[in-house]
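Structure incoming, see below.
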Amino acid sequence: MKNITIILISAICISVISSCNKGFDKLNINPNNPTKLDAAFLFTNAEFSTYAAIMETEPTVVQQFINPFTGITSAFNFNQVNQAYTVQRWSAEFTGTNTGATTSAGPVQLLVQILSQLKENTARTNLYNEARILKAYQFMTLVDTYGDVPYTEAGQAYLGNILTPKYDNQVAIYTDIVNELTTATAALDPTKDIVTADVFYGGSIAQWKKLGYSLLLRVGMRYSKYDAAKAQSIVQAAFAGGVMTSNADNCFLKYNVTFVNPVSQNLSTLTNTYYLAEPFVNQLKNSGDPRLKFISAKYPNPAAATSGVPDTLSANQFGLPIGYSSATLATAPGFRGANGSGYNYSQINYSLLGSLTAPQFFVTYAQTQLLLAEAAFRGWITGGNTPDIYYANGIRAAMDQWASYNASAVIPLSTENSFINSPVNAYNAANALNLINTQYWIASWGNGSEAWANFRRSGFPALSPNTIAGQSITGGFVRRYVYPTLELSANLTNYKAAVADIGGTDNMDTRVFWDK
């Protein structure tokens, strides 16, 4: 990975321009003028502003995390529509209002601008195709979150004077994502331009190819319960192309004291309100998972957790139970009591996971191996490893990944093997999908959008619905986010068409196409 200080150069350059806004409230100068700004700087910022969901959203839906306090912070623990949270991915992707961004432009706008600028530039084909791969990732998460979204007309306020973009059908977007990943990845050429401004891989074409095919594998697996034949075809193509082969291929952002992790920064502001969820802690604790001490900690004073000494002893970790608010938590069986302005339950380990310099992972070798384990179990790929080998490789990779947080966070190979071979974790065909996807849930900790998507796709882990009172859903779990309220005033005609296309109701029970 390139040193992230390159982003400072990007931020300085980009701060002198304004980007077209998905909110349609302003027009700006041309952000593409190659005499003023090189597309590589736009690409750097598109990477750096790639959105990572805060913990109160998708990680709460999949019961890894809880904020039990009612009021302005109430959201997915209460299964309630709260635009402060449901709008965040939309705003971050389209307008760049993510707390980690260095510009008012979102990655979608930046990537659309890059592609327009370089479309006919044969000397910069690798940058062009890397931008296509990254754009595919952005839109995959948007479709996974909302369903139909603006796609063909997205980011076209300046380029095409399109201020009210139409929403594209989600199935059609996914079809194009498959095409974009397939053709862009195949077109990458190590003899052509090397994008040194790339903060993911420093311009490595070999690693970008692995990323492209690993993303294609992820897309293919999304089809597993929607169209198994199509899923198999896409998965086979990705496998044949060549996916990630080690943790060195992980796609992630590394932060430092100047460019801090925005998720960790958010968590550090109100530590006494944030806790790990009981199902997640119990899974780690009951399976003897050595990652528990890196993820979970108890503190004498939850409000001062970032400066406290973490108690990471496994026996002392207790997740906050699902289905309770701060008003009702005292009635929960085994209530562990209040602790100052917080509660006597496990929180994030702020010395590792909650550190301001903690990395943010988007696509990993561990996730890729676990997807291959499922694909092999289903008989969709041949000529590689058996499902149990992919499964074990995925677990080891996810455990080794913690060394990226801190050099001291190393799990010995003997400990990894003991965990993999223990009766509760050992691979067996009769329980394969549960085992594989439960490990995917853990391996995706910190990447809430992927944990949530794979949970909806696979149905694992087998979580019990949150039955807390006053919910905005009826189906047990949140299946999608509602559209931003701004769309009802700024883009009403296209909003109505999109709602009709996704099934007629803009709510959190409506499923995206691959979840049906």
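Note that these values count all heavy atoms, side chains included, but never hydrogens, waters or copies made by symmetry.
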Handout entry: Any donor-acceptor pair under 3.5 Å from Asn286 side chain to Asn282 backbone
Key =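 Yes; at least one donor-acceptor contact below 3.5 Å.
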Exercise for the section: Output the distance between atom NZ (Lys230) and atom CZ (Arg222), rounded to the nearest 0.5 Å. Expected result: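 Taking NZ in Lys230 and CZ in Arg222, the distance rounds to 14.5 Å.
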Practice task
Could you check if a side-chain atom of Asn266 sits within less than 4.5 angstrom of a side-chain atom of Tyr274, using non-hydrogen atoms only?
Solution key: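 A side-chain contact exists here, since the closest heavy-atom pair is under 4.5 Å.
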Practice task
Can you label the angle between the Tyr146 ring and the Tyr483 ring as parallel, tilted or perpendicular, going by 30° and 60°?
Solution key: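 Ring orientation, 0 to 90° scale: parallel.
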Practice task
Mind checking the OH-CD1 spacing from Tyr128 to Ile114? Nearest 0.5 Å is all I need.
Solution key: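 Reported value, rounded in 0.5 Å steps: 11.5 Å.
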Exercise for the section: Return the minimal non-hydrogen interatomic distance between Ala277 and Ile66, and the atom names on each side. Expected result: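 For Ala277 and Ile66, the tightest heavy-atom pair comes out as CB-CG1, 3.9 Å.
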Practice task
Give the C-alpha distance, both sets of side-chain angles, the deciding distance and a yes or no for side chain to side chain contact (heavy atoms under 4.5 Å, CB included) between Tyr85 and Gln88.
Solution key: CA-CA 5 Å; Tyr85 293 104; Gln88 288 196 11; 4.0 Å; yes
Exercise for the section: Taking atom NZ of Lys285 as the centre, report whether more than 12 heavy atoms of other residues, nucleotides or ligands fall under 6.0 Å from it. Expected result: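 Yes, enclosed.
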Handout entry: Verdict with supporting geometry, Phe94 and Leu142, side chain to side chain contact (heavy atoms under 4.5 Å, CB included)
Key = CA-CA 10 Å; Phe94 287 118; Leu142 281 165; 3.9 Å; yes
Problem - Flag, side chain of Ser422 to backbone of Phe419, donor-acceptor distance under 3.5 Å - result: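 Side chain of Ser422 to backbone of Phe419, a donor-acceptor pair under 3.5 Å: yes, one is there.
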Problem - Any donor-acceptor N/O pair, Asp168 side chain to Pro150 backbone, under 3.5 Å - result: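 No, the answer is negative, given that no donor and acceptor are paired below the 3.5 Å cut-off.
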Handout entry: Given Val143, Thr175, Asp501, Val149, the one that forms side-chain contact (heavy atoms from CB on, under 4.5 Å) with Asn169
Key =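 Of the listed options, the one satisfying the test is Asp501.
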Side-chain polar contacts of residues 408-415 - donor-acceptor pairs under 3.5 angstrom, sequence neighbours left out - could you list them?
unit_1: Ser408; atom_1: OG; unit_2: Asn406; atom_2: OD1; d: 2.6

Problem - Working for side-chain hydrogen bond (donor to acceptor under 3.5 Å, both in side chains), residues Gln401 and Tyr365 - result: CA-CA 9 Å; Gln401 191 175 307; Tyr365 169 61; over 6 Å; no
Handout entry: Pairs involving residues 442-464, ordered by first then second residue, that meet ring-ring contact (aromatic ring centres under 6.0 Å, His included) (sequence neighbours left out)
Key =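 Non-adjacent pairs meeting ring-ring contact (aromatic ring centres under 6.0 Å, His included): Phe280-Trp445, Trp452-Tyr481, Phe455-Phe477.
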Practice task
Determine the minimum heavy-atom distance between Ile205 and Leu188, stating which atoms define it.
Solution key: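 Closest approach of Ile205 to Leu188, heavy atoms only: CG2-CB, 3.8 Å.
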Practice task
Evaluate the side-chain proximity of Tyr255 to Pro262: yes if any heavy-atom separation is below 4.5 Å, no if none is.
Solution key: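 Pro262 vs Tyr255: side chains touch.
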Problem - Phe43 side chain near Leu118 side chain, heavy-atom distance below 4.5 Å - result: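 They are not in side-chain contact.
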Problem - Side-chain touch Met244/Tyr213, heavy atoms, less than 4.5 angstrom - result: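 Side chain of Met244 against side chain of Tyr213, heavy atoms only: no contact under 4.5 Å found.
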Problem - Side-chain ion pair, Arg132 and Asp176, N-O less than 4.0 Å - result: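 So Arg132 does not pair with Asp176 through a salt bridge.
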Practice task
Any chance you could lay out the ring pair (Phe, Tyr, Trp, His ring centres under 6.0 Å) test for Phe294 and Tyr405, step after step, and finish with the verdict?
Solution key: CA-CA 9 Å; Phe294 301 148; Tyr405 290 83; 8.7 Å; no
Problem - Result of checking Glu487, Glu153, Lys496 against Tyr167 for side-chain hydrogen bond (donor to acceptor under 3.5 Å, both in side chains) - result: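 The residue from Glu487, Glu153, Lys496 that satisfies side-chain hydrogen bond (donor to acceptor under 3.5 Å, both in side chains) with Tyr167 turns out to be Glu487.
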Exercise for the section: Taking the side chain as every heavy atom from C-beta outward, state whether Cys251 and Tyr201 have any atom pair closer than 4.5 Å. Expected result: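 With C-beta onward as the side chain, the pair touches.
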Handout entry: side-chain contact (heavy atoms from CB on, under 4.5 Å), paired with Phe65, selected from Leu267, Leu320, Asn77
Key =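 Result: among Leu267, Leu320, Asn77, Leu267 is the only option passing the side-chain contact (heavy atoms from CB on, under 4.5 Å) with Phe65.
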Practice task
Hey, could you give me the OG/CG distance between Ser49 and Leu111, rounded to the nearest 0.5 Å?
Solution key: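 It is 8.0 Å, given to the nearest 0.5 Å.
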Problem - Short N-O contact, Arg456 and Asp515, less than 4.0 angstrom - result: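 Asp515 and Arg456: not salt-bridged.
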Handout entry: Enclosure of Lys119 NZ (heavy-atom neighbours >12, cutoff 6.0 Å)
Key =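 Check fails, neighbour count at 12 or below.
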Handout entry: Distance in Å, Phe252 CZ paired with Thr364 OG1, rounded so as to fall on 0.5 Å steps
Key =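 It comes to 11.0 Å.
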Exercise for the section: Test Gln138 against Tyr51 for side-chain hydrogen bond (donor to acceptor under 3.5 Å, both in side chains), laying out the working first. Expected result: CA-CA 8 Å; Gln138 310 293 346; Tyr51 180 67; over 6 Å; no
Exercise for the section: Could you give me the CA-CA distance, side-chain angles and deciding distance for Glu450 and Val62, then say whether side chain to side chain contact (heavy atoms under 4.5 Å, CB included) is met? Expected result: CA-CA 10 Å; Glu450 187 57 23; Val62 296; over 6 Å; no
Problem - CG on Asp289 to CE on Met399, rounded to 0.5 Å - result: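 Here the rounded value is 4.5 Å.
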Exercise for the section: Determine whether the side chains of Asn437 and Glu374 contain a donor N or O and an acceptor N or O closer than 3.5 Å. Expected result: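 Present: a donor and an acceptor within the cut-off.
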Practice task
Report yes or no: do Asn385 and Tyr391 form a side-chain donor-acceptor pair below 3.5 Å?
Solution key: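 Not at all, the side chains of Asn385 and Tyr391 share no donor-acceptor pair under 3.5 Å.
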Exercise for the section: Decide whether Asp144 and Thr141 meet the rule of one side-chain donor and one side-chain acceptor closer than 3.5 Å. Expected result: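 On atom types as modelled, these side chains do not qualify, holding no pair under 3.5 Å.
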Handout entry: Within-4.5 Å side-chain heavy-atom neighbours: Glu47 and Phe362
Key =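 No, side chains not in contact.
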Practice task
Indicate yes or no: at least one non-hydrogen side-chain atom of Asn454 is less than 4.5 angstrom from one of Ser444.
Solution key: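 No, their side chains stay 4.5 Å or more apart.
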Exercise for the section: Give, for atom OG1 of Thr185 and atom CH2 of Trp208, the distance between the pair rounded to the nearest 0.5 Å. Expected result: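 Between Thr185 OG1 and Trp208 CH2, I get 9.5 Å after rounding to 0.5 Å.
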Exercise for the section: Output, in order, the C-alpha distance, side-chain angles, deciding distance and verdict of salt bridge (Lys or Arg N to Asp or Glu O under 4.0 Å) for Asp249 and Lys209. Expected result: CA-CA 10 Å; Asp249 298 324; Lys209 277 185 172 289; over 6 Å; no
Problem - Student check: side-chain heavy atoms of Met508 and Phe76 closer than 4.5 Å - result: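 When only atoms from C-beta onward are counted, Phe76 and Met508 do touch, with a gap below 4.5 Å.
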